[in-house]
Amino acid sequence: MSRRLCAALLVLPIFVVLVPSMLPMVAAGAAQATAVPREAMTLLLTGPENLAARPFDLRVAATPPDFPVDVLPAGAAVQVSAGGDRVAAVVAALMRFASEDRSAFERRLQQAGWINPMQPMGFSAPAAQSRIVVCRGDLFAAVSFAQRGEGGTWVRASVVTDTARSCVARPQATASSVPVPALVPPAGARGGHASLGGTPEAMYSSVRLETRQSVAEVAAHYAGQLTAAGWTIEGRSSEAATMAVTRLRTSSATGERITGLLVVTSLDGFTQMDVLFRIVQPAVQ
């Protein structure tokens, strides 16, 4: 072959023809693009709903129709989901999900109308469990978290539709006619148990926190939740960085004037705080 002919061949366009024997290889490459991690599939089919024993539709990178996506944390990338008769579950991936992210997620659930049926009104302790159980109307959701093998966090959210159950919060011990919301801790806070008690004329809710926020910031955080629930701030006082007192008022279901005192006290002058909310209503005649 002459040099001139070889040069001409080098500049000719090259076309690739797929023969039938190559098609399986192309199909395999396309299938790999939508592969679901084994961890995600295991989480999807493992749960109290027993999805593996039910007929369901499997979806990759998508949620089932009418799935309430607000039960997933912000930024969650859906990997796989399954939807069947009145039951649906979604597994999504999160690159980062620290304690402050969980606190923000729980506040967002509350704002979206989801309630914890096992949590009484008043303070809740910073979350230490890996599972969140909430409900809204006839929807009952469970959100759990697990570590991803490649880094980050798996989140699994399952939703069951059950018209035979009632979605109601656990009743308060006292002051049942007073609007007291579930008071969610500040982002990143750690701490011990929350408590609730009192008499027919007065009740209290308290919690011990460990947080890097100031006394004023913690007081503003809880006061914001109370005002969103219908309370009005009457006044504030503080003693430097050691204590903050907020006086609030509202009305009971029967129109009686109710007084609330939110007291945040620094215990060690740095990170440990005691938070108390005391409600006083007129004595029953």
Side-chain angles (χ1 to χ4, degrees), residues 73-76 94-112 114-116 118-134 143-147 152-153 155 169-170 172 179-198 203-248 260-279:
L94 290 163
M95 294 305 296
R96 177 187 180 277
F97 197 68
S99 58
E100 58 268 26
D101 300 311
R102 173 162 176 156
S103 296
F105 172 53
E106 290 182 326
R107 288 195 299 273
R108 190 164 64 85
L109 286 173
Q110 184 183 14
Q111 293 166 358
W114 294 95
I115 66 172
N116 181 344
M118 297 305 295
Q119 177 180 300
M121 297 298 96
F123 293 108
S124 61
Q129 303 297 320
S130 61
R131 192 164 180 258
I132 299 172
V133 178
V134 291
V143 185
S144 57
F145 305 91
Q147 186 176 359
T153 302
V155 54
R170 181 188 295 174
Q172 298 173 173
V180 183
L183 298 169
V184 181
R190 297 183 298 171
H193 299 290
S195 60
L196 178 73
M203 68 160 286
Y204 74 88
S205 180
S206 65
V207 68
R208 180 69 55 85
L209 296 177
E210 183 177 337
T211 175
R212 294 287 181 177
Q213 295 189 20
S214 67
V215 165
E217 288 172 327
V218 173
H221 169 80
Y222 285 116
Q225 295 180 63
L226 288 165
T227 55
W231 290 79
T232 300
I233 296 177
E234 288 189 319
R236 294 186 174 97
S237 65
S238 64
E239 293 184 7
T242 59
M243 185 172 66
V245 180
T246 305
R247 180 185 174 96
L248 305 100
L261 288 176
L262 174 65
V263 183
V264 181
T265 306
S266 174
L267 300 178
D268 61 357
F270 187 50
T271 60
Q272 292 192 40
M273 296 185 192
D274 185 82
V275 186
L276 170 71
F277 184 52
R278 178 175 170 81
I279 299 170

Looking at side-chain heavy atoms only, is the closest gap between [X] and [Y] below 4.5 Å?
{"X": "Ile132", "Y": "Trp114", "result": "no"}
{"X": "Ser238", "Y": "Val215", "result": "no"}
{"X": "Arg278", "Y": "Val263", "result": "no"}
{"X": "Leu262", "Y": "Val275", "result": "yes"}

Please report the closest heavy-atom contact between [X] and [Y], naming both atoms and the distance.
{"X": "Gln225", "Y": "Gln110", "answer": "OE1-OE1, 4.2 Å"}
{"X": "Ala189", "Y": "Thr211", "answer": "CB-CB, 4.2 Å"}
{"X": "Arg108", "Y": "Ala74", "answer": "NH2-N, 3.2 Å"}
{"X": "Leu209", "Y": "Pro185", "answer": "CD2-CB, 4.3 Å"}

Hey, which of Val207, Thr227, Thr246 is the one that makes side chain to side chain contact (heavy atoms under 4.5 Å, CB included) with Tyr222? Val207
Can we call the ring centroids of Phe145 and Phe97 under 6.0 Å apart? yes
Find the distance between [atom1] ([X]) and [atom2] ([Y]) and round it off to the nearest 0.5 Å.
{"X": "Thr232", "Y": "Leu226", "atom1": "OG1", "atom2": "CG", "result": "11.0 Å"}
{"X": "His221", "Y": "Ser214", "atom1": "NE2", "atom2": "OG", "result": "12.5 Å"}
{"X": "Glu210", "Y": "Leu267", "atom1": "CD", "atom2": "CG", "result": "11.0 Å"}
{"X": "Leu248", "Y": "Glu234", "atom1": "CG", "atom2": "CD", "result": "8.0 Å"}
{"X": "Ile115", "Y": "Leu109", "atom1": "CD1", "atom2": "CG", "result": "12.0 Å"}
{"X": "Arg247", "Y": "Ile233", "atom1": "CZ", "atom2": "CD1", "result": "13.0 Å"}

Begin from the C-alpha positions of Val155 and Val143 and carry the test side-chain contact (heavy atoms from CB on, under 4.5 Å) through to its verdict. CA-CA 7 Å; Val155 54; Val143 185; 3.7 Å; yes
